[in-house]
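For reference, the structure discussed in these notes is given below.
For reference, positions follow the sequence shown, starting with 1.
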Amino acid sequence: MEYISNSVNDTTKFAEKIANNLEGKEIILLNGDLGAGKTTFTKALFAALGVKDIVTSPTFAFMKEYNAKFKLSHYDMYRVENEDELWELGITDNLYESGVAVIEWNKFTEFPEDKKIIKIDIEKLGDSSRKFVIEEVGQ
């Protein structure tokens, strides 16, 4: 599936559509260059799932949790070298506990068997336009 967003408002509407189809057992892998809109998408997705807090990128914390319709986890692995470092940081277990996890700059190589894996590639087309390509990838 492909979606073209021409504004932050379009991205919010798209994130709401995705949120309406989540069951609480998904891992969403966001791929895209710096500034592509990964965190913007995540903010809109989490808002659509009922998060009232301000959602910020966990670049320096590596992972943040939120409670809403599901237990939500937002990972940013930009500064992580490899999966071994995730074990050392002690945040791997959370992946198994989250209802929905959104991962920017993924470094995990294995995922819980009971989770649906959704890959979203985001390409910056212009100052405010983005192309989202979504695919369910399984294990």
Side-chain angles (χ1 to χ4, degrees):
M1 178 175 135
E2 190 174 297
Y3 180 82
I4 302 294
S5 168
N6 292 305
S7 67
V8 172
N9 190 43
D10 284 352
T11 297
T12 298
K13 289 177 185 175
F14 172 64
E16 289 169 352
K17 288 180 185 178
I18 297 291
N20 288 336
N21 290 302
L22 296 178
E23 299 174 355
K25 293 186 177 193
E26 292 86 5
I27 296 173
I28 300 172
L29 306 176
L30 297 180
N31 301 302
D33 293 334
L34 285 171
K38 296 179 293 295
T39 301
T40 299
F41 171 83
T42 303
K43 288 178 183 184
L45 181 74
F46 283 11
L49 291 170
V51 172
K52 303 293 183 209
D53 300 328
I54 295 172
V55 175
T56 59
S57 178
T59 301
F60 296 101
F62 301 108
M63 190 264 308
K64 290 185 180 179
E65 292 181 301
Y66 302 90
N67 288 306
K69 184 176 181 179
F70 311 112
K71 180 180 177 185
L72 306 173
S73 297
H74 182 196
Y75 292 84
D76 185 328
M77 298 182 192
Y78 182 75
R79 298 181 328 116
V80 175
E81 293 294 321
N82 55 47
E83 188 173 24
D84 290 339
E85 189 175 347
L86 297 170
W87 287 97
E88 291 170 19
L89 292 168
I91 61 175
T92 305
D93 290 344
N94 184 273
L95 187 64
Y96 290 79
E97 298 167 2
S98 292
V100 175
V102 174
I103 304 173
E104 300 181 33
W105 309 99
N106 179 50
K107 300 293 188 309
F108 286 112
T109 58
E110 295 183 24
F111 299 100
E113 291 181 13
D114 66 335
K115 302 284 185 175
K116 181 191 310 183
I117 310 301
I118 301 167
K119 180 180 163 190
I120 301 179
D121 293 319
I122 307 171
E123 181 183 349
K124 187 174 180 178
L125 302 176
D127 287 342
S128 59
S129 60
R130 306 289 186 268
K131 178 169 77 170
F132 292 85
V133 179
I134 305 95
E135 82 179 284
E136 191 174 317
V137 295
Q139 293 292 343

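For the side chain to side chain contact (heavy atoms under 4.5 Å, CB included) test with Ile28, the passing option among Ile103, Val102, Thr42 is Val102; the others fail. Screening Thr11, Ile18, Leu30 for a side chain to side chain contact (heavy atoms under 4.5 Å, CB included) involving Leu45 leaves a single residue, Ile18.
Heavy-atom neighbours of Ile54 CD1 from other residues, nucleotides or ligands within 6.0 Å: at or below the threshold of 12. For Asn20, the CG atom sits in a packed shell: over 12 heavy atoms of surrounding residues, nucleotides or ligands are nearer than 6.0 Å.
Once rounded to the nearest 0.5 Å, the distance linking NZ of Lys119 with CD1 of Ile134 reads 12.0 Å. In this structure, Asp76 CG and Lys64 NZ are separated by 10.0 Å, a value rounded to the nearest 0.5 Å. Lys131 NZ to Leu125 CG: the interatomic distance, rounded to the nearest 0.5 Å, is 6.5 Å. For the atom pair CZ of Arg130 and CD of Glu123, the computed distance is 10.0 Å after rounding to the nearest 0.5 Å. For the atom pair Lys69 NZ and Glu23 CD, the distance stands at 9.5 Å (nearest 0.5 Å).
Proximity of a side-chain donor or acceptor of Lys38 to a complementary backbone N or O of Glu104 within less than 3.5 Å is not detected. Here the side chain of Asp53 pairs no donor or acceptor atom with the backbone of Val55 at under 3.5 angstrom.
Shortest non-hydrogen contact noted between Ala44 and Thr12 is CB-CA, 3.8 Å. The two residues Pro58 and Tyr75 come nearest to each other via the heavy atoms CG-C, 4.0 Å. Between Glu26 and Ile118, the shortest heavy-atom distance links the atoms CG-CD1, 4.0 Å. The minimum heavy-atom distance linking His74 with Thr56 is given by the pair ND1-O, 3.8 Å. Residues Ala68 and Leu49 approach most closely at CB-O, 3.1 Å, considering heavy atoms. When all heavy atoms of Ser5 and Asp10 are compared, the closest pair comes out as OG-CB, 3.3 Å.
Hydrophobic clustering, with ILVMFWY side chains joined whenever heavy atoms are under 4.5 angstrom apart, keeps Ile122 apart from Val8.
Within the 4.5 Å cutoff, the side chain of Leu29 has heavy atoms near those of the Phe111 side chain. Under the 4.5 Å side-chain criterion, counting only non-hydrogen atoms from C-beta, Asn106 is not in contact with Ile27.
Taking the six-membered ring where the residue is Trp, Phe41 and Phe132 present tilted rings, their angle falling between 30° and 60°.
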Evaluation steps, side chain to side chain contact (heavy atoms under 4.5 Å, CB included), between Ile117 and Phe108: CA-CA 12 Å; Ile117 310 301; Phe108 286 112; over 6 Å; no
Stepwise side chain to side chain contact (heavy atoms under 4.5 Å, CB included) check, Leu34 with Trp105: CA-CA 10 Å; Leu34 285 171; Trp105 309 99; 3.9 Å; yes
